[in-house]
Amino acid sequence: MTKLTTLGEYVILKQHEYPHATGELSQLFGALRLAAKVVNREINKAGLVDITGASGLENIQGEQQQKLDVYANDTFKAALLARGLVAGMASEEEVDFVAFNEAHTAGGKYVVLIDPLDGSSNIDVNVSIGAIFSIYRRVSSPDGPVQLEDFLQPGNRQVAAGYVIFGSSTMMVYTTGNGVHGFTFDPSIGVFYLSHENIRTPEEGLIYSVNEGNYVKFPEGVKKYIKYCQEMDPDSKRPYTSRYIGSLVADFHRNLLKGGIYMYPSYANAPTGKLRLLYECNPLAWLVEQAGGKATDGNRRILDIEPTELHQRTPFYIGSKAMVDKVEWFLHEYPQQ
Ligand code: AHG
Ligand code: MN
Ligand code: MN
């Protein structure tokens, strides 16, 4: 009989691999896991209960918040707040970081940054969505509340990162710096089981993912790279396949497993692109590197960018190493916007 390992068991099993492990990170994962299950339950009812559609509010980036954006944000916040390990949280759906000032969170060692619901535009049409998280050790004095500096750390200081994908099945995928591991949710008993241990992404992929509707606005190097992807060349198995869901988590997850590149470039009136460095790009960049892939802003390693703002955006090129190298080459060869 196959031995089934749960997410909770696995995190504890692997605990010894981290220096100074105290079991706290496993408890923190417990909070994220619980919130993921609650959000999953709600998503599965979308269409039956009044949870789809706009909430009537806007977030800090001036985007319409969907009811599920707000629900997922509140759920993750409540789950994290309930444990005493997290001193604060920053979210796509909150203007400022949230300091957890309750007595039981005093001395909490970690801060969490989160995109509680990624792919909002796909909620109402039954297409995969997700949640992305990033965890750091706080750097400010544990005697007082968390500070902005706790959240503005470069991605190379993450202690854990991952995502939940609500797709044809629900999965949680995470890294703590010892490979990337995926767990599939069994809704009948409410447990995540280890299904994808030590995920490696192919060095060379055959899929490119980009919103080609924005083609005319892209930098010259990206236009040239897209044309390269579409050229006929049997030796390199081109033309490549184009796949774009419009939920970063879902596009990333597919490319991670199959090999491919996801691009969200800068464009004329958006020099830093659309995606947010701290709670979208950094966690996925660390995951892809842990799986053997690469993530850059076209120039720099995403994980080495020193953040200056909570909701900072960055151009984003992520996926199979050979493909990201290639688009970087085009961007350097054709530097004009
Ligand atoms: P969010 O729903 O968290 O605001 O993120 C939306 C992001 C990302 O999920 C997706 O890849 C991208 O926006 C799609 O943008 P376009 O519609 O401009 O292609
Ligand atoms: Mn998002
Ligand atoms: Mn979001």
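One-based numbering, in listed order, for ligands and for the atoms of each. Heavy atoms only: backbone and side chains are in, while hydrogens, waters and symmetry mates are out.
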Does [X] reach ligand 1 with a nitrogen or oxygen that is under 3.5 Å from one of the ligand's nitrogen or oxygen atoms?
X      : answer
Gly119 : yes
Asn214 : no
Asp251 : no

Please list, in number order, the atoms of ligand 1 under 4.0 Å from a heavy atom of [X].
X      : answer
Leu117 : 2 (O), 3 (O)
Asp115 : 3 (O)
Gly246 : 9 (O), 10 (C), 11 (O), 14 (C)
Tyr262 : 10 (C), 11 (O)
Leu248 : 8 (C), 9 (O), 10 (C), 11 (O)
Ser247 : 9 (O), 11 (O)
Ser120 : 2 (O)

State whether the side chain of [X] and the backbone N or O of [Y] hold a donor-acceptor pair below 3.5 Å, judged by distance alone.
X      : Y      : result
Asp297 : Arg300 : yes
Ser55  : Lys67  : no
Asp186 : Val191 : no

Would a 4.5 Å heavy-atom cut-off, applied to side chains only, mark [X] and [Y] as touching?
X      : Y      : value
Gln337 : Glu220 : no
Phe100 : Leu80  : yes
Thr308 : Leu152 : no
Phe218 : Met263 : no

Please name the atom of [X], restricted to N, O or S, that is closest to the Mn ion (ligand 2).
X      : result
Glu280 : OE2
Asp118 : OD1
Asp115 : OD2

[atom]: nearest protein contact (heavy atom, Å):
atom                    : answer
atom 4 (O) of ligand 1  : Glu92 OE2, 3.0 Å
atom 18 (O) of ligand 1 : Tyr264 OH, 2.5 Å
atom 5 (O) of ligand 1  : Asp118 OD1, 3.2 Å
atom 14 (C) of ligand 1 : Tyr244 OH, 3.3 Å

Exercise for review: Report the residue from Phe330, Tyr208, Tyr334, Trp329 that forms a ring pair (Phe, Tyr, Trp, His ring centres under 6.0 Å) with Tyr228.
Suggested key: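 Running ring pair (Phe, Tyr, Trp, His ring centres under 6.0 Å) over Phe330, Tyr208, Tyr334, Trp329 with Tyr228 returns exactly one hit, Phe330.
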**Study point:** Gly119 backbone or side-chain N/O/S under 2.8 Å from the Mn ion (ligand 3)
**Key:** no
Exercise for review: Compare every heavy atom of Leu284 with every heavy atom of Tyr163, then report the nearest pair and how far apart it is.
Suggested key: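 Closest approach of Tyr163 to Leu284: CD2-CD2, 3.8 Å.
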Practice item. Determine the minimum heavy-atom distance between Glu149 and Ser140, stating which atoms define it. Key: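 Here Glu149 and Ser140 meet closest at OE2-CB, 3.7 Å.
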**Study point:** Residue pair Gln158 / Ser134, side-chain donor-acceptor N/O under 3.5 Å
**Key:** yes
Exercise for review: Could you tell me whether the side chains of Asn122 and Ser128 share a donor-acceptor contact shorter than 3.5 Å?
Suggested key: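 No, because no side-chain N or O of Asn122 sits under 3.5 Å from a partner of the opposite role on Ser128.
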Exercise for review: Verify the distance test for Glu92 against the Mn ion (ligand 2): any N/O/S atom under 2.8 Å, yes or no.
Suggested key: no
Check your understanding: With respect to atom 17 (O) of ligand 1, which of Arg276, Glu280, Lys274 exhibits the smallest heavy-atom separation?
Key -> Lys274
